[in-house]
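Each ligand, and each atom within it, is numbered from 1 in the order the structure gives. What you see is a predicted model; the values in this text were computed from it and never measured.
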Amino acid sequence: MAERNRTPKKPIIFYYLISLVILFVINAVVLPMFMRRQVTEVDYSTFLAALEENRVLEVELSGDGQEIAFIALDRHGQRQTYVTVAMPDPNLLDRLRSSENEIRFSRIRPTQPNPFLTYLFSLIVPALIIIGLGRLFSRQLQTRMGNMMSFGKSSARIYVKAQTGKTFADVAGQDEAKEALMEIVDFLHDPEKYTSIGASLPKGALLVGPPGTGKTLLAQAVAGEAQVPFFSISGSEFVEMFVGLGAAKVRDLFKQAEEKAPCIVFIDEIDTIGKKRDHGGFSGNDEREQTLNQLLTEMDGFDSRKGVVLLAATNRPESLDPALLRPGRFDRRIPVELPDLAGRIAILKVHAAKVAMSPHVDLEAIARSTAGASGADLANVINEAALRAVRMGRSRVEQEDLEESVEVVIAGYQKKNAAISPQEKEIIAYHEIGHALVAAKQSDTAPVHKITIIPRTSGALGYTMQVEEDDRYLLTKEEAFARLAILTGGRAAEELVFNTATTGAANDIEKATRLARAMVTRYGMSDKFGMVALETVTNPYLGDDTMPTCSSETAAAVDKAVMELINKAHERAISILKDNMDQLHALARYLLAKETITGEEFMQLLKA
Ligand code: ADP
Ligand code: MG
Ligand code: ZN
């Protein structure tokens, strides 16, 4: 991965040890040398001999008359200090006086150490050493802090192609996400093509999806494909270090990115800085808010034509501040959903290629048994299987290793995430086909575009997507009623096939109730009330909040009319499904096996 350019630093303890040694040497060796001169003890006759030979230069008689200290030249002509016992020698004084060289009577052996030197060596020198080391430390600390502050030097990791080494080939499945990112890569390859007709690319693309679906991987692949500098930082890194630095780091990041353009800036886990700002409470998280504000400012300030593309990833899009998602900021949202069967097979293949596999393994069987698993889970399955093969003393991964590791990885995962059991999957499949069949068998409906029983980021366990052929602004009474029937179709299928009802229809019920109520109170579509507004919309910008504008008796009657409308729609759904039981079973089986089917597949099966 990326290499941080840090020079290896010796630990601080190293410098402390050095200073300890220096102080010790001063105390034990240098100080004594200065405090008293080296003194050699000799006998009296040596003293007399030196006197004879005129080598004595200075003499001192100690206070009590017991000792004589003297300085004399040694055999090499060097001054040396000696001490000897004093003999009761009355002639000594005359002899000294009559010596040929003039002997000085001076103080030779200080009985007390020189107070100045003591002061110098015991206080000033250690103090100087400590101050010096302190300076050294603080300079190092400063450069280290400097590194932290200047973004590109240590805390940002710059990936280029050779370093991420990832390309789109490493990302299996996720074709829609790859296609959307492809455009960005193309732009970075050849910005001329876009700028020459005045087009500018979206400033930011937000990868949204559950953990482990390959968002980070996709961003790295974009960098690899585009072969441009890739600045990567995770949201938590902005916040972690020092208070007030988050905003500075954002500024620095964008400054550097503009210098290096064309390039990609990737902010992983952007929800850590991009959380909704709330204005209640006293303290709030000022630091995070400043960082977010700085990010918003920078995003407004930079010009995407220069070739800086901002990518971000999150698995909690609903918690992001709406200001971030405004046009001109992260205006493109790229969903990265959990893989379906085909996607899981592809992911298993990508990762299986990295380990030694027996040619007999059936990856499709493994993919079938791992519904709801993410790409990261599947990568983990392969790795666990390889580890197990090693434990078993095999040189290749066999099917049983894979099956065993599915148990280990997915079973734990299923408990954690309450993933879908096979029975639940069957119910969900019938539920979704119920919606789709009721849609297909009525005339006033939009065609089915896609049906899936892969759980969505939104929390839905499956969904049936219809897409109108052209833009619609008006809804006829018949179309509205057909829509109600489609919404009840899921529950109707559950009732017909399993003779029971599940909580899975909660969202359908809510939508159906809202639509039916609007039909009665606002669209004038009930025979009983006609064109009387029974509710008014209070705020058209904030959802469909309404206020009743009728008496409470009328309100009770409205409730009744809404119920009747929904019941009628439900009956229609039941009758449609009863008439097409064979197709319901066939399609549900097919969906169960494939997990995601397209509109065309659906229509073909329906005609067959
Ligand atoms: P996210 O950022 O969405 O949480 P990552 O990108 O970190 O997930 O994915 C974690 C790992 O899971 C990847 O390094 C890769 O090994 C594996 N993985 C996830 N999705 C895919 C995929 N579509 N194809 C291949 N490997 C994948
Ligand atoms: Mg990630
Ligand atoms: Zn439903």
For the residue pair [X] and [Y], establish whether any side-chain heavy-atom pair is separated by less than 4.5 Å.
X      : Y      : answer
Leu253 : Glu298 : no
Pro359 : Arg396 : yes
Glu426 : Arg589 : yes
Glu424 : Ile427 : no
Arg394 : Glu400 : yes
Phe168 : Val222 : yes

Quick one: which of [options] has a heavy atom closest to [atom]?
atom                    : options                        : result
atom 17 (C) of ligand 1 : Gly375, Ala346, Ala177         : Gly375
atom 10 (C) of ligand 1 : Ala221, Ala376, Ala379         : Ala376
atom 20 (N) of ligand 1 : Ile382, Thr213, Leu207, Asp170 : Thr213

I'd like to know if [X] pairs up with [Y] as an ion pair, taking the criterion as any Lys NZ or Arg NE/NH1/NH2 lying under 4.0 Å from an Asp or Glu carboxylate oxygen.
X      : Y      : answer
Arg514 : Glu510 : yes
Lys450 : Glu600 : no
Glu564 : Lys568 : no
Lys441 : Asp579 : no
Arg332 : Glu183 : yes

Under 3.5 Å, N or O to N or O, is [X] touching ligand 1 that way?
X      : result
Leu217 : yes
Val350 : no
Gly214 : yes
Gln174 : no

**OP:** Quick one: report the N, O or S atom of His435 that is nearest to the Zn ion (ligand 3).
**Re:**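 Looking at His435, the N, O or S atom with the least distance to the Zn ion (ligand 3) is NE2.
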Subject >> Closest protein heavy atom (residue, atom, distance) for atom 24 (N) of ligand 1 >> reply: Ala172 N, 2.9 Å
**OP:** Give the residue, atom name and distance (to 0.1 Å) of the protein heavy atom nearest atom 2 (O) of ligand 1.
**Re:** Thr216 OG1, 2.6 Å
What do you reckon, does [X] put a non-hydrogen atom under 4.0 Å from ligand 1?
X      : answer
Gln220 : no
Ala313 : no
Asp268 : no
Gly212 : yes

Original post:
Counting no waters, how many protein N/O/S atoms sit under 2.8 Å from the Mg ion (ligand 2)?
Top reply: 1
**OP:** Measure Ile347 to ligand 1 on non-hydrogen atoms and call it side chain, backbone, both or neither using the 4.0 Å cut-off.
**Re:**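 Answer for Ile347: side chain.
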State the atoms of ligand 1, each with its element, that fall below the 4.0 Å cut-off from a heavy-atom position in [X].
X      : result
His351 : 15 (C), 16 (O), 17 (C), 25 (C), 26 (N), 27 (C)
Val171 : 23 (N), 24 (N)
Pro211 : 4 (O)

Original post:
Would one find an N, O or S atom of Asp508, in either backbone or side chain, under 2.8 Å from the Zn ion (ligand 3)?
Top reply: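 Yes, Asp508 qualifies, because one of its backbone or side-chain N, O or S atoms lies under 2.8 Å.
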Subject >> Exam field: side chain Arg491 to backbone Thr502, donor-acceptor pair closer than 3.5 Å >> reply: yes
Subject >> Glu403/Val406 under side chain to side chain contact (heavy atoms under 4.5 Å, CB included): CA gap, chis, key distance, verdict >> reply: CA-CA 5 Å; Glu403 277 161 14; Val406 167; 5.7 Å; no
Subject >> With Glu432, the side chain to side chain contact (heavy atoms under 4.5 Å, CB included) member among Thr464, Leu437, Thr452 >> reply: Thr464
Subject >> Leu217 vs Lys166, side chain to side chain contact (heavy atoms under 4.5 Å, CB included): CA-CA, chis, key distance, verdict >> reply: CA-CA 8 Å; Leu217 186 66; Lys166 298 270 196 294; 3.3 Å; yes
